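When a ligand or atom number is given, it counts from 1 through the structure's own listing order. These numbers come from a predicted model, not from an experiment.
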Amino acid sequence: MAHLLVTGAAGFIGSHTVDQLLHAGHTVTGVDNFRTGRRENLTAATTSPRFAFHEADIAAPGVLSSLVGTARPDALIHLAALVSVQESIQDPDLNFRLNVHATHLVAEAARMHRVPRLVFASSAAIYGDAPTQPIREDAPKAPISPYGAAKLASEVLLLGHGATYGITVRCQRYFNVFGPRQDPASPYSGVISIFARRFREGNAVTIHGDGCQTRDFISVHDVARANVLAATAPGLRSGVANICTGHATSLLDVLRVFQAEFPAAAAPVHGPARSGDILHSRGSADEALAALGFAPRVPVAEGLRELIHAR
Ligand code: UD2
């Protein structure tokens with residue numbers, strides 16, 4: 001069994017990753033400053049004697065180095081981030097501090113304390129509006145937000161550190177992740193989290209555009225499992241991989257699942273397409289299978305029904 005240090009442990013993806021690591025018998029040190037993470041996401045984790053938690057800001061000087069020096073983990077899973085694309089556009093300086101500088105601090109802490117493996121939360125946002133589908137890892141990188149640019153810069157920083165100092169680095173390029181604990185607070189939150197809240201509260205949802213836009217929606221349970229594999233599978237080499245299903249799901253497909261579960265729901269409102277929206281995004285899932293042995297297991301409709309009936 002391994003000891004993992006997880007940054008962003010109280011977040012949406014972080015808390016599910018922590019839960020799966022503990023379930024598999026590993027020891028976990030979690031850190032989060034609750035900027036967007038939530039204490040209640042760790043309700044299950046905190047009952048485990050193999051879980052230690054630190055409330056701290058990893059972007060502050062010295063914090064991470066001290067935590068890593070004490071924990072001496074077998075791998076570090078770096079999921080702490082400024083997670084909103086919209087916020088990165090409004091405050092690119094904060095985006096730099098939380099999504100680039102903090103990653104450099106992670107790389108340095110790993111170097112100084114000889115952590116052999118790093119797993120990083122990258123994003124399909126590094127591809128921008130990719131012309132060719134499915135998007136393979138070697139597709140052109142053309143981010144269209146400070147968030148996407150920071151994720152790309154972080155990959156380069158980590159892989160550079162990995163090659164220089166002998167650290168195995170796995171960059172996980174998540175596509176559209178959905179599931180329990182995702183925050184629906186802003187209009188720019190993931191569409192499925194917004195739909196879940198509105199259907200539950202009996203409010204109409206808004207479809208921006210004709211609803212035929214497609215995304216590669218992947219369950220957070222699959223994403224967490226991909227993180228566990230990247231952090232603990234023996235003999236991995238450094239590299240990047242899309243974490244996706246390889247399938248396109250339209251917004252209308254998503255809507256139909258919700259409508260079947262809420263037959264009395266108000267009809268959706270159709271609004272203009274959101275400016276800057278891309279029409280289609282679907283990843284190639286081949287590299288994750290080849291490099292990590294990862295294949296998604298949760299069909300989108302099943303994941304949606306689980307989310308609808310959660311809690
Ligand atoms: C955005 C982010 C992505 C990630 C993701 C969250 C960009 C470029 N990318 O991608 O990085 O943070 O969000 O999952 O910003 N929609 C509606 N009604 C709603 C909300 C959304 O029709 O109430 C549409 C939206 O216009 C888009 C699609 O649903 O066409 C998916 O929206 P999203 O915000 O969940 O995801 P995406 O891929 O645009």
Verdict with supporting geometry, Asp216 and Tyr174, side chain to side chain donor-acceptor pair (under 3.5 Å): CA-CA 10 Å; Asp216 192 330; Tyr174 308 139; over 6 Å; no
Atom 37 (P) of ligand 1 - nearest protein heavy atom and its distance: Arg215 NE, 3.5 Å
Under 4.0 Å to a heavy atom of Leu251 - the qualifying atoms of ligand 1, by number: 17 (C), 22 (O), 24 (C), 29 (O)
Residue part near ligand 1, for Ile144, under 4.0 Å between non-hydrogen atoms: neither
Ala295 backbone acceptor or donor facing Arg225 side chain under 3.5 Å: yes
Atoms of ligand 1, numbered as shown, that sit under 4.0 Å from any heavy atom of Thr206: 17 (C), 18 (N), 19 (C), 22 (O), 23 (O)
Contact partition for Gln86 relative to ligand 1, non-hydrogen atoms under 4.0 Å: neither
Contact bool for atom 4 (C) of ligand 1 (protein heavy atom, d < 4.0 Å): no
Residues Arg39, Glu55: salt bridge by 4.0 Å N-O rule: yes
Val205 to ligand 1, any heavy atom closer than 4.0 Å: no
Where ligand 1 meets Ile207 - atom numbers and elements under 4.0 angstrom, heavy-atom basis: 22 (O)
Note, Phe199 side chain near Leu255 side chain (heavy atom, < 4.5 Å): yes
Side chains of Glu155 and Ser122, donor plus acceptor under 3.5 Å: yes
Exercise check, heavy-atom protein proximity under 4.0 Å to atom 15 (O) of ligand 1: yes
Nearest neighbour in protein (non-hydrogen) for atom 32 (O) of ligand 1: Arg274 NH2, 3.6 Å
Within the 6.0 Å centroid threshold, strictly below: His16 and His221: yes
For atom 13 (O) of ligand 1, the protein heavy atom that lies nearest, with its residue and separation: Tyr188 O, 4.5 Å
Atom 30 (O) of ligand 1 - nearest protein heavy atom and its distance: Asp277 OD2, 2.4 Å
Taking atom 36 (O) of ligand 1 as the reference point, the nearest protein heavy atom with its distance: Asn176 ND2, 3.2 Å
Numbered atoms of ligand 1 (with element) below 4.0 Å of Gly190, judged on heavy atoms: 6 (C), 14 (O), 35 (O)
Nearest neighbour in protein (non-hydrogen) for atom 11 (O) of ligand 1: Val85 CG2, 3.2 Å
Min N/O separation Val191 to ligand 1 under 3.5 Å: yes
Side chain, backbone, both or neither: Gln213 near ligand 1, heavy atoms under 4.0 Å: side chain
Between CD on residue Glu108 and NE2 on residue His104, distance to nearest 0.5 Å: 4.5 Å
Protein heavy-atom partner closest to atom 22 (O) of ligand 1 - residue, atom, separation in Å: His208 N, 2.8 Å
Pair Phe96 and Tyr147, ring centroids less than 6.0 Å apart: no
Donor-acceptor contact below 3.5 Å, side chain Asp222 vs main chain Arg297: yes
Atom 1 (C) of ligand 1 protein-contacted, heavy-atom criterion under 4.0 angstrom: no
Ser65 side, atom OG; Met112 side, atom CE - distance, nearest 0.5 Å: 4.0 Å
Electrostatic pair Asp19:Arg181 at N-O distance under 4.0 angstrom: yes
Main-chain N/O of Ala204 paired with Arg198 side-chain donor or acceptor, under 3.5 Å: yes
